[in-house]
**Student:** 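My structure is below; once you've seen it, I'll send some questions.
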Amino acid sequence: MTEFLVNLLGEWLVNGEKAEVDVHALGSKLSLLGLYFGCSLNGPCKQFNASLCEFYSKFKKSSEHKDKLEIVFISSDQDQKQWQDFLQEMQWPALPFKDRHKKMKLWNKYKVTSIPSLVFIDAATGKVVCRNGLLVVRDDPKGLEFPWGPKPFAEVVAGPLLRNNRQTTDSSALEASYVGVYFSAHWCPPCRSLTRVLVESYRKVKESGHKFEIVFVSADRSEESFTRYFSEMPWLAVPYTDEARRSRLNRLYGIQGIPTLILLDAEGHMITRQGRVEILNDPDCRLFPWHPRPVLELNESNAVQLHEGPCLVLFVDAEEEGELEPAKELIQPIAEKIMAKYKAKEEETPLLFFVAGEDDMSDSLRDYTNLPEAAPLLTILDMSAHAKYVKDVEEITPAVVEQFVSDFLAEKLKPEPI
């Protein structure tokens, strides 16, 4: 375990007294590590920090598991004094201020898209145990549910579900069906836009003969708003009054923003977190149930995924959709190999794969990242780290792509700033 933590965090952390903390000494009993991503200048972070301090203090004083948990602060502060002042409010250690590279790796590895964020991981393997620790702190202030690991969907959703005519059905009716878990709210304009599309997709999938149901998990601010919004939906919902169950579902899937549509297979296993993208890309629902594809053609609806971690983008000289097929075929075996490798380890793929032709979307991306006009052009873009890696060669072969990917994953490439 110690070797893993040293690889993840480095040899030394620091605390509020400016003292070094030896990672080897975090404790042999440690089983769960909370990675707390935040910033001293962020209002919600300062507010959450107070709650986390209270939670941590109680846990360390009274929980029978007090030696099994530690938290490490991973800051996005740019000013060292502000960072140091914030750290003095904390009872746990932090990554050193100057270790920006390791911080960025952790942001990417655990796909953190907003702050504050608290991700609980297995201290021996690094696997995510709970992605939404903010809800743990709120919902389990005494730490009674430690270690807050994932439970089966059927167990978390168990109970009555509503239809918009106010009749109820038991969640057991979802058994043997594909399920979309839809996190949304009426106050959110992108949610309302997606709901209109999703109603049509739901109808098409049901008419095609698939067993498919959607469960709406509301983030509305009042029951009145929930009722009005749910009246537009032909599927099921967790009752608005059942806040505990809604929160458990948010925690189970680590929801960091809405709208989010999680798609599950008939056994309750996740197919994809990108249901929103899939629905928008496949209005005729021909690819249902939308298993992840190794290589995507870059477009406006899936470009949001560029911000979820490092992405390989192969730019080619192609104006029509069909002209991108040779490029996809070139990198697909490599993408499949990477997906299979990390799936076997039950880890998320560290790299997404795209091909991009000649269109406004590609032009905007090139302009934003200041890429050369060459085509073909092989790149890895890490938007959250504001970094790019460019392979500008005359001929892009599978061997060139594979070596490029291998060198990136081994951290052998030198990044250029975006």
Side-chain angles (χ1 to χ4, degrees), residues 37 39 74-78 95 98-115 274 277 293-319 324 326-328 330-332 334-335 337-339 341-342 348-418:
F37 299 85
C39 176
I74 298 145
S75 169
S76 57
D77 278 285
Q78 301 298 311
L95 279 186
K98 294 181 180 179
D99 202 346
R100 298 182 186 277
H101 176 68
K102 200 166 288 294
K103 290 177 187 177
M104 217 63 249
K105 277 184 63 180
L106 289 166
W107 278 72
N108 283 335
K109 181 177 177 68
Y110 294 106
K111 301 192 183 303
V112 176
T113 57
S114 62
I115 55 173
Q274 299 295 337
V277 173
R293 284 161 285 163
V295 183
L296 297 174
E297 296 180 13
L298 185 65
N299 59 41
E300 288 189 13
S301 59
N302 63 32
V304 65
Q305 292 178 258
L306 293 173
H307 296 274
E308 295 180 1
C311 298
L312 181 144
V313 184
L314 174 56
F315 293 89
V316 294
D317 185 7
E319 296 183 4
L324 291 172
K328 288 173 68 175
L330 188 150
I331 63 176
Q332 179 137 336
I334 298 149
K337 185 176 176 181
I338 294 291
M339 286 180 68
K341 176 182 176 181
Y342 284 85
E348 293 192 48
T349 304
L351 194 61
L352 299 178
F353 292 79
F354 292 87
V355 293
E358 293 182 299
D359 54 29
D360 291 343
M361 179 74 239
S362 299
D363 290 343
S364 296
L365 182 58
R366 281 183 186 264
D367 290 343
Y368 178 76
T369 54
N370 196 26
L371 289 171
E373 290 297 321
L377 182 69
L378 184 62
T379 67
I380 291 175
L381 304 177
D382 188 345
M383 307 297 262
S384 58
H386 302 286
K388 64 185 177 186
Y389 308 81
V390 182
K391 189 79 170 179
D392 189 359
V393 294
E394 287 189 12
E395 183 180 6
I396 295 175
T397 65
V400 167
V401 177
E402 191 151 19
Q403 189 63 54
F404 187 53
V405 170
S406 177
D407 287 347
F408 171 77
L409 295 177
E411 299 182 37
K412 294 179 180 179
L413 301 179
K414 184 178 180 180
E416 300 175 48
I418 291 179

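These numbers were taken from a predicted model, which means no experiment stands behind them. Heavy-atom basis, side chains included; hydrogens, waters and symmetry copies ignored.
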**Student:** What distance separates K388 NZ from H386 NE2, expressed to the nearest 0.5 Å?
**Tutor:**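 Here the interatomic distance stands at 13.0 Å.
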**Student:** Please report the interatomic distance CD(E348) to CD(E308), rounded to the nearest 0.5 Å.
**Tutor:** 9.5 Å
**Student:** State, yes or no, whether a side-chain contact exists between L312 and I334 at a heavy-atom distance under 4.5 Å.
**Tutor:** no
**Student:** Looking at every heavy atom in both A303 and M361, which two are closest together, and how far apart are they?
**Tutor:**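 That would be CB-CE, 3.7 Å.
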**Student:** Quick check: do P350 and I338 have side-chain heavy atoms less than 4.5 Å from each other?
**Tutor:** yes
**Student:** Which atoms form the tightest heavy-atom contact between S301 and V277, and what is the distance?
**Tutor:** O-CG2, 3.6 Å
**Student:** Would you find more than 12 non-hydrogen atoms of other residues, nucleotides or ligands less than 6.0 Å from E416 atom CD?
**Tutor:** yes
**Student:** How about R100 and Q78: do any of their side-chain heavy atoms sit closer than 4.5 Å?
**Tutor:** yes
**Student:** If I take atom CD from residue Q305 and atom CE from residue M383, how far apart are they, to the nearest 0.5 angstrom?
**Tutor:** 13.0 Å
**Student:** Going by the rule ring pair (Phe, Tyr, Trp, His ring centres under 6.0 Å), which residues pair with F408 if we only count those two or more places apart in sequence or in a different chain?
**Tutor:** Y389
**Student:** Tell me, with the steps shown, if S384 and M104 meet side-chain contact (heavy atoms from CB on, under 4.5 Å).
**Tutor:** CA-CA 8 Å; S384 58; M104 217 63 249; 4.0 Å; yes
**Student:** Just verifying a value: how many Å separate E373 CD and D363 CG, rounded to the nearest 0.5 Å?
**Tutor:**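 One gets 7.0 Å once the value is rounded to the nearest 0.5 Å.
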**Student:** On a heavy-atom basis, which atom in C311 and which in L351 lie closest, and how many Å separate them?
**Tutor:** N-CD1, 3.9 Å
**Student:** side-chain contact (heavy atoms from CB on, under 4.5 Å) for L306 and L352? Distances and angles first, verdict last.
**Tutor:** CA-CA 8 Å; L306 293 173; L352 299 178; over 6 Å; no
**Student:** Do you know which two heavy atoms are closest between D382 and P310, and how far apart they sit?
**Tutor:**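 Answer, listing the atom of D382 first, then P310: OD2-CG, 3.8 Å.
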**Student:** side-chain contact (heavy atoms from CB on, under 4.5 Å), that's the test. Do I115 and W107 meet it? Break it down for me.
**Tutor:** CA-CA 11 Å; I115 55 173; W107 278 72; 3.3 Å; yes
**Student:** Look up atom NZ in K103 and atom OG in S75, then write down how far apart they are to the nearest 0.5 Å.
**Tutor:**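 Interatomic distance, K103 NZ to S75 OG, rounded to 0.5 Å: 4.5 Å.
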**Student:** Could you pull out the closest heavy-atom pair between L365 and F315, with the gap in Å?
**Tutor:** CD2-CZ, 3.8 Å
**Student:** Just by distance, with hydrogens left out, do S362 and D359 show a side-chain donor and acceptor under 3.5 Å apart?
**Tutor:**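 Yes, D359 and S362 have a side-chain donor paired with an acceptor closer than 3.5 Å.
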**Student:** Could you tell me whether a side-chain N or O of T369 sits under 3.5 Å from a main-chain N or O of I418, the two making a donor and an acceptor?
**Tutor:**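 A pair under 3.5 Å: no.
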**Student:** Quick one: which of L298, L314, V316 gives a side chain to side chain contact (heavy atoms under 4.5 Å, CB included) with L324?
**Tutor:** V316
**Student:** Is it the case that more than 12 heavy atoms not belonging to D360 sit under 6.0 Å from its CG atom?
**Tutor:** no
**Student:** Any side-chain to backbone donor/acceptor pair from S406 onto E402? Under 3.5 Å, distance only.
**Tutor:** no
**Student:** Is the shortest side-chain heavy-atom distance between P398 and V400 below 4.5 Å?
**Tutor:**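 Sidechains of V400 and P398: no contact.
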**Student:** Work out which heavy atom in E358 is nearest to a heavy atom in D317; give both atom names and the distance.
**Tutor:**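 Heavy-atom minimum between the residues: OE1-OD1, 2.7 Å.
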**Student:** Is there a side-chain contact between L378 and V393, using heavy atoms and a 4.5 Å cut-off?
**Tutor:**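 Answer no - side chains too far apart.
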**Student:** Do side-chain atoms of K391 reach the backbone of I396 as a donor and acceptor pair under 3.5 angstrom?
**Tutor:**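 No.
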**Student:** Can you list everything that forms a salt bridge (Lys or Arg N to Asp or Glu O under 4.0 Å) with E411? Sequence neighbours excluded, please.
**Tutor:** K105
**Student:** Could you tell me the separation between the CG atom of L106 and the NZ atom of K109, rounded to the nearest 0.5 Å?
**Tutor:** 8.5 Å
